[in-house]
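Note sheet for the following structure.
All heavy atoms count here, side chains included; hydrogens, waters and symmetry mates do not.
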Amino acid sequence: MDGIRNVDDLIRAKNLTPEEMTQFKDLIEEFKERERKIKENINTARSNLNQLLNTITTFSEKTSVLGKALNSLLEEIDIAKLKMMSSDKFYRE
């Protein structure tokens, strides 16, 4: 069954006679419909995963920017605390 990827490949591989095609017509149609739905679901899943990846990428970028801004703010707070500290709190040799 190597190389069989869909219903049509299977039908060709089994060399169904016209009588067998008629006999299994409903089953073949059902399998083709399922195959179509599977392809549709795969495409939807890929699209959703791409959207998720884009959202995660944007979130990561914004988190990085926020982290840099927070670090800068913390540095400014430390500088302000040092400036506001009385001189007798500094260690001197």
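- The backbone N or O of Asn43 lies less than 3.5 Å from no partner atom in the side chain of Ser47, so there is not a single donor-acceptor pair.
- Note that the CD1 atom of Ile56 and the CD atom of Gln51 stand 12.0 Å from one another [nearest 0.5 Å].
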Give the intermediate values and the outcome of side-chain contact (heavy atoms from CB on, under 4.5 Å) for residues Asp8 and Lys32. CA-CA 8 Å; Asp8 290 328; Lys32 285 186 177 188; 2.9 Å; yes
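- Going from atom CD1 of Ile11 over to atom CD of Glu20 covers 11.0 Å, rounded to the nearest 0.5 Å.
- Ala13 approaches Ile4 most closely through the heavy-atom pair CB-CD1, 3.7 Å.
- In the hydrophobic clustering of this structure, Ile79 does not group with Leu73; members are Ile, Leu, Val, Met, Phe, Trp, Tyr whose side-chain heavy atoms approach within less than 4.5 Å, directly or through other members.
- Put simply, the side chain of Thr22 gets close to the backbone of Pro18: a donor and an acceptor are under 3.5 Å apart.
- The shortest heavy-atom contact between Glu35 and Val7 is OE2-N, 2.9 Å.
- Here the options are Glu19, Lys14, Arg12, the test is side chain to side chain contact (heavy atoms under 4.5 Å, CB included), and the partner is Leu16; only Lys14 passes.
- Listed for the Ser64 side chain is no donor-acceptor partner under 3.5 Å among the backbone atoms of Ser60.
- Atoms OG1 and CG, on Thr57 and Asn54 in that order, are 6.0 Å from each other to the nearest 0.5 Å.
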Applying salt bridge (charged side-chain N to carboxylate O under 4.0 Å, His left out) to Glu40 and Lys37, what does each step give before you reach the verdict? CA-CA 5 Å; Glu40 183 180 304; Lys37 286 180 181 179; over 6 Å; no
For Leu66 and Leu70, what are the C-alpha separation, side-chain angles and deciding distance, and is it a side-chain contact (heavy atoms from CB on, under 4.5 Å)? CA-CA 6 Å; Leu66 184 59; Leu70 183 57; 5.6 Å; no
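- Tracing side-chain contacts under 4.5 Å through hydrophobic residues (I, L, V, M, F, W, Y), one reaches Phe24 starting from Met21; they form part of the same cluster.
- In this structure, the side chains of Asn48 and Leu52 stay at 4.5 Å or more apart for every pair of heavy atoms.
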